[in-house]
Amino acid sequence: MSIMVMGVEPGMSPAVLAAAASLARGLDAKLVCIHADSGRFVTDKLAEGNLLASAAPLSEELAWEINSVITGVELESYTVAGDPAKVLAAVAEQLDAQMIVVGTRRPGIRNKMAQLVEGSIAVALAHKQHRPVLVIPQQPSEDNELPWD
C-alpha cells in the first residue's frame, strides 16, 4: 500500500480533506496527516531519527475535524514540532511517501500577511525535495466534482 503525507491544520477547509481522502481511496493509499506545530520548535533543525516515534497526538478539535470528513481510507495522524515544510518533507522521506498533499492558504488579509512572513509551504516543498506535491484549493469547485472521482 502506498502512502500519502498530508499537512493539516485547525480550521482547514473540509473540501481539502475530502479531496485528499478521495485521492487516497482512488490510489489505495494510506493517508498520514501531519500537523506541524511551528510554535514548539526552537531551532531550524529537526529532531534526528524517527520523527513519528516522538510525535504527539493531534488536538481533539483537529482530530475531530479530520475524522468527520475523511472516511473509507486508512488514516494515521500526528503532531510534529517544527517548520511545516521541513516536517512534511522529512516525514515523507521517512515513510517513503508517494506524494505530499497540502491545501492552499485560506483567503483573507491575516493569511496573506502570514504567507508574506512565513512563506508558502507548497512552494518550499516543491523547491526542496523530490516528491510530487499536490496543492488542493481551499474552496471546492463550482460543480463540487473532483477530477479523479
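Because only heavy atoms are used, hydrogens play no part in the values below, and waters and symmetry mates are left out as well, while side chains stay in. Numbers here simply count residues along the sequence, with the first being 1.
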Atom [atom1] of [X] and atom [atom2] of [Y]: how far apart are they, to the nearest 0.5 Å?
X	Y	atom1	atom2	result
M6	L134	CE	CG	9.0 Å
L88	I34	CG	CD1	7.0 Å
L17	I136	CG	CD1	8.5 Å
I66	L31	CD1	CG	8.5 Å
H35	M12	NE2	CE	10.5 Å
E9	C33	CD	SG	12.5 Å

Under the side-chain contact (heavy atoms from CB on, under 4.5 Å) rule, collect the residues that match up with V133, sequence neighbours excluded.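 Only V102, L125, Q129, V135 meet the side-chain contact (heavy atoms from CB on, under 4.5 Å) criterion with V133.
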
Closer than 3.5 angstrom, by distance alone: can the side chain of [X] be matched with the main-chain N or O of [Y] as a donor-acceptor pair?
X	Y	answer
S22	A18	no
E65	G11	yes
R25	T71	yes

Tell me, please, which residues at least two apart from D28 pass salt bridge (charged side-chain N to carboxylate O under 4.0 Å, His left out).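 Residues passing salt bridge (charged side-chain N to carboxylate O under 4.0 Å, His left out) with D28: none at all.
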
Of all heavy-atom pairs between [X] and [Y], which one has the smallest distance, and what is that distance?
X	Y	value
L51	A90	CD1-CB, 3.4 Å
Y78	L58	O-CD2, 3.3 Å
A20	M4	O-CE, 3.8 Å
T79	P57	OG1-O, 3.3 Å
P84	A36	CA-CB, 3.4 Å

Non-hydrogen side-chain atoms of [X] and [Y] separated by less than 4.5 Å:
X	Y	value
E74	M1	yes
D37	V87	no
V5	M99	no

Contact list for residues 87-102, test side chain to side chain donor-acceptor pair (under 3.5 Å), sequence neighbours left out: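 Checked against side chain to side chain donor-acceptor pair (under 3.5 Å) - neighbours excluded - the pairs reaching residues 87-102 are S2-Q98, N50-Q94, E93-R131, D96-R131.
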
